[in-house]
Protein chains: 2
Amino acid sequence: MPKVGMEPVRRKALVDAALSVIGDRGSLTVTMSEIARRAGVSPALAHHYFGSKDRLLIETIRFLLRQLRDDSVKALKRADTPRTRLSAIIRVNFQADQFAPETIAAWLAFYAEAQRSEETRRFLVIYARRLRSNLLADLRRLCPADAAERIAEGAAAMIDGLYIRQSLRSVPVSIEASISLTEDYISSALAPHSKED
Amino acid sequence: MPKVGMEPVRRKALVDAALSVIGDRGSLTVTMSEIARRAGVSPALAHHYFGSKDRLLIETIRFLLRQLRDDSVKALKRADTPRTRLSAIIRVNFQADQFAPETIAAWLAFYAEAQRSEETRRFLVIYARRLRSNLLADLRRLCPADAAERIAEGAAAMIDGLYIRQSLRSVPVSIEASISLTEDYISSALAPHSKED
DNA sequence: TATTTTTGATTGACTGATCAATCAATAAAA
DNA sequence: TTTTATTGATTGATCAGTCAATCAAAAATA
């Protein structure tokens, strides 16, 4: 079994497993054993590659963030006008895999963790800033700067809020409903600034 | 020291201590010892009165919820028109003690816990429904039913989102800014339905 | 009133379980 | 033979939860 070049394979498997266990459990209080078991290796190997549980968790959130960023970049490439770009940003945040219960549970767990871990908080702040600045860039072309800032704050908050509310599973707002609520918010906030009518 | 009638005093002290420790730590992974220490009693006594850590935690979230409900009732008593009642609901959710970092951290921790604990989730669902139905009751008097539902969803999500974002402490949106973002959302969503201009 | 009994409050010491982390050992490539 | 991958066994720490014992107020009794 021992073949050379296993490191990247194991790292990936362990991060995937961590995400999956965290998603199932809805909490970061998961054991290394459980993660390792799901990745099909021994707990000792997980320590060997990541050094500590904390490091593995940090790598996991990093992965989550990178994925969202890549999706955003991809979606923005396909949109050209400011307004369609705004729609693209919204859609990415609510796309199916982001909206899966396990993914939401994982994000939520990391938000909670951010209260304790400076590093985790830094990552979430990066996410928040990125969302904000993505929105802002296009809003600025559609309305005055101060209005753009406000609308960006509001839209970002609404996106996060819809996301969180989804985690309760009752009072379920569908993906489409979430998208359309956010779209409508932006449209009506933009309305007073639109050139015609 | 042993005097009769200590039970309610101790229960209150322990719930307060739990809230405070959870707020500081920003997590539910706090020890009974720590809670008991802050309440000035032994860990054994905490178990004596609450039976288990889970029960103490459940009572703690209950307390948080009851407080928010009482504040809401009080605020709504002082408002009479639908529009001022909406403003009152918004203000309650962003009032200073609700917006304190420890309180936000505690709410967040309970949201995460709700992924695992059915009972915790039930309480949070109650909160979500209450916010929604409070908003809905007054919105219905200002616009058609279907619009009211949408606006209530949107406003509730925005409130929750602003709340969550506050927990990151960077990208800080002040209390006043949060209130005014929510107010503006409702106003502009209501605009097309207003009787005159 | 004085004395005894009961009961609630409280704790220190302990147990059992869980878990992160370590390490020495093994096995298979290179 | 050296290096890389891998694990079983173990350790040490942390905690929730238990329990028997203590102490003092309250209630009952004399």
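So that the names make sense, note that chain A is the first sequence line, chain B the second, and so on, each numbered from 1. Keep in mind that this is a model prediction, so the values were computed, not measured.
Residues B:I22 and B:A109 approach most closely at CG2-CB, 4.2 Å, considering heavy atoms. Across every non-hydrogen atom of B:Y185 and B:A155, the tightest pair is CE2-N, 3.3 Å.
With hydrogens and angles ignored, the 3.5 Å screen pairs no side-chain donor or acceptor of A:S20 with any backbone N or O of A:D16. For A:T182 (side chain) and A:I159 (main-chain N/O), no donor-acceptor pair under 3.5 Å exists by modelled atom type. A donor-acceptor pair under 3.5 Å is formed between the side chain of A:Q115 and the backbone N or O of B:S167.
For residues 35-48 of chain B, proximity to DNA chain C is found at B:V41, B:S42, B:A44, B:L45, B:H48, defined as any non-hydrogen atom under 4.0 angstrom from a strand atom. Contact check of residues 17-26 of chain A against DNA chain C (heavy atom, cut-off under 4.0 Å) returns no residues at all. Residues from residues 112-121 of chain A that place a heavy atom under 4.0 Å from any atom of DNA chain C: there are none.
One atom, CZ of A:R55, and another, C1' of C:dA20, lie 16 Å apart when rounded to the nearest Å. Rounded to whole Å, atom P of C:dA20 lies 12 Å from atom CG of A:L28. The nearest whole Å value for the distance from the CZ atom in B:F50 to the P atom in C:dA9 is 13 Å. Protein atom CG of A:L14 is 13 Å distant from nucleotide atom P of D:dA5, rounded to whole Å.
Taking A:D24 as the reference, A:R38 meet the side chain to side chain donor-acceptor pair (under 3.5 Å) condition, with sequence neighbours excluded. A search for side chain to side chain donor-acceptor pair (under 3.5 Å) contacts involving B:E113 returns B:R116, not counting sequence neighbours.
Here A:Y49 lies in heavy-atom contact (under 4.0 Å) with sugar-phosphate atoms only.
Between B:E59 and B:R62 there is a salt bridge, since a side-chain N of the basic residue sits under 4.0 Å from a carboxylate O of the acidic one.
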Kindly give the atom pairs (protein nitrogen or oxygen, nucleotide nitrogen or oxygen) under 3.5 Å for nucleotides 12-15 of chain D.
none

